[in-house]
Amino acid sequence: MIIYRAKDYKDMSRKAANIISAQVIMKPNCTLGLATGSTPLGIYDQLTEWYKKGDLDFSAVHSVNLDEYRGLPKENDQSYYYFMHKNLFDRVNIRSENTNVPNGMEPDAEKECRRYEKLIADLGGIDLQLLGLGHNGHIGFNEPGEAFEKETHCVDLQERTIEANKRFFESADEVPRQAYTMGIKTIMQAKKILVAVSGEDKAEIVKKAFFGPVTPTVPASILQMHNDVTVVADEAALSLCCK
Ligand code: F6R
C-alpha cells in the first residue's frame with residue numbers, strides 16, 4: 001500500500017486525478033471503477049479541466065460505478081446515475097453507452113446483481129477502482145458486519161444511513177431502503193485500487209482501516225490484502241497516523 005500525503009482537499013483531488021489520468025493515458029480503453037459522494041467531486045472537476053485543455057481523452061474508456069439506490073429512477077437527482085452524469089460523464093467525452101451504474105429500477109435483485117458481475121467480467125475486469133471511505137469503514141455500500149460480502153449484492157441500508165439521507169428527500173418515506181453495491185470480492189478483483197480521503201473527521205477511520213487489524217467490522221481494512229492500493233489522503237485525514 002502506498003500512501004500519498006496531500007496538503008488539503010484540492011491537493012488530494014489533483015494527486016488522485018493524476019493517478020486516474022495516468023491510467024487513461026497508459027491504457028486508453030481501460031475500465032475505470034468510479035464512486036460517488038463528496039470526496040470525488042474535486043477529482044472529477046480536475047479530470048474535466050484536463051479534458052477541456054485537451055490533455056485527456058475518455059472516448060475509449062468504460063466505467064462501472066460501485067453502487068446505486070434500489071428503486072430510484074435515473075432521473076431522480078439523488079440517484080448515483082444522475083450524480084455521475086452531472087459531475088463527470090456529461091462534462092467529458094466518455095460515451096454514455098460505455099458508462100455503467102447498477103440499475104436501481106430492476107426489481108429482481110438477483111438478476112441485476114448477476115448482470116452487473118457479468119458486465120464487469122465481460123469488460124475484462126476493472127483496471128482502476130476509485131473508492132471513498134465511509135466514517136465506519138464502509139466501501140461502496142459494504143457496511144461493517146460479521147463477514148466480508150462477496151459479489152454485487154442488494155443491501156438493506158442502515159437506519160443511520162436512512163436518517164442521514166433524509167435531508168435530500170421530500171420526506172423520510174422517499175429515502176430508499178436498499179441499494180445495489182459491488183461486493184468486497186468485486187472490489188478486491190480490481191487490478192489497482194485508489195482510495196481518496198479528506199478531512200479530520202476521517203482520521204480515526206484511516207488509522208483503523210489502513211493500520212489496524214483486517215476485520216469485516218472495518219470493511220476497508222481488507223484493502224491491506226490487495227497488492228496494488230494507493231491511498232491519497234490529506235494531512236487532516238492522516239493526522240492520527242504517519243506524522
Ligand atoms: C459512493 C460510495 C461510498 C462513499 C463513502 C464516502 O459511491 O460507495 O462508499 O465513497 O460513503 O463518502 P464521502 O465521500 O461523501 O465521504
Side-chain angles (χ1 to χ4, degrees), residues 6 8-10 12-13 16-17 20 32-46 63-70 72 74 76-89 99-104 113 116 120 126 128-145 148-149 151-158 160-168 175-176 178-184 186-188 190 193-206 208-210 216 218-223 229 231-234 236-238:
D8 49 24
Y9 178 76
K10 197 165 190 317
M12 181 280 289
S13 303
I20 297 174
L32 297 177
L34 298 175
T36 61
S38 46
T39 310
L41 286 171
I43 301 174
Y44 296 154
D45 283 347
Q46 182 65 82
S63 73
V64 283
N65 260 78
L66 277 170
D67 42 18
E68 177 62 285
Y69 289 119
R70 186 176 185 206
L72 218 54
K74 291 173 178 174
N76 188 302
D77 63 2
Q78 293 306 316
S79 77
Y80 289 175
Y81 176 96
Y82 189 99
F83 174 102
M84 287 309 302
H85 277 265
K86 178 172 172 224
N87 294 299
L88 185 66
F89 300 157
T99 66
N100 298 281
V101 179
N103 177 7
C113 296
Y116 210 65
I120 295 170
I126 298 166
L128 175 67
Q129 176 66 55
L130 171 65
L131 296 175
L133 180 64
H135 288 106
N136 60 1
H138 73 221
I139 46 178
F141 266 117
N142 294 280
E143 298 290 353
F148 292 110
E149 291 279 353
E151 299 185 330
T152 302
H153 58 287
C154 180
V155 281
D156 293 328
L157 300 188
Q158 294 189 341
R160 249 188 1 195
T161 311
I162 296 169
E163 198 50 41
N165 288 350
K166 210 167 67 182
R167 65 203 152 108
F168 300 119
V175 188
Q178 291 184 313
Y180 293 135
T181 181
M182 282 186 199
I184 292 293
T186 328
I187 294 170
M188 287 295 279
I193 295 179
L194 169 62
V195 193
V197 207
S198 165
E200 207 183 328
D201 55 318
K202 296 274 174 83
E204 194 72 52
I205 195 61
V206 164
K208 274 196 194 154
F210 305 131
V218 182
S221 65
I222 191 77
L223 300 174
V229 175
V231 177
V232 182
D234 61 14
L238 291 174

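For ligands, and for the atoms within them, numbers begin at 1 and follow the listed sequence. Nothing here was measured: the structure is a model prediction, and the numbers come from that model.
At distances below 3.5 Å, at least one donor-acceptor pair connects side-chain atoms of D234 with backbone N or O atoms of G199. Using a distance-only test at 3.5 Å, with no hydrogens or angles considered, no donor-acceptor pair links the side chain of N87 to the main chain of M84. Between the N142 side chain and the M182 main chain, a donor and an acceptor come within less than 3.5 Å of each other.
Of the heavy atoms in D67, only side-chain atoms (C-beta onward) come closer than 4.0 Å to ligand 1. By the criterion of a heavy-atom distance under 4.0 Å, the side chain of K202, and not its backbone, is placed next to ligand 1.
Scanning the protein heavy atoms around atom 11 (O) of ligand 1, the nearest turns out to be H138 NE2, 2.7 Å. The protein non-hydrogen atom at the shortest distance from atom 1 (C) of ligand 1 is T36 OG1, 3.1 Å. Residue, atom and distance of the protein heavy atom nearest to atom 12 (O) of ligand 1 are G37 CA, 4.4 Å.
Those atoms of ligand 1 that come under 4.0 Å of a heavy atom in L133, given as number and element, are 6 (C). With ligand atoms numbered from 1 in the order given, ligand 1 contributes 8 (O) to contacts under 4.0 Å with heavy atoms of L66.
Where the criterion is an N or O separation shorter than 3.5 Å, residue side chain and backbone included, T39 meets it with respect to ligand 1.
By heavy-atom distance, the residue among G132, G140, G134 lying nearest atom 9 (O) of ligand 1 is G140.
Checked by atom type, the side-chain pair E68/N103 shows no donor-acceptor distance below 3.5 Å.
Between Y180 and Y116, a ring centre-to-centre spacing not shorter than 6.0 Å is recorded.
With contacts defined as side-chain heavy-atom distances shorter than 4.5 Å, the pair L130/L32 does not qualify.
Using a 30° and 60° split on the angle between ring planes, F141 and H138 fall in the tilted class, from 30° to 60°.
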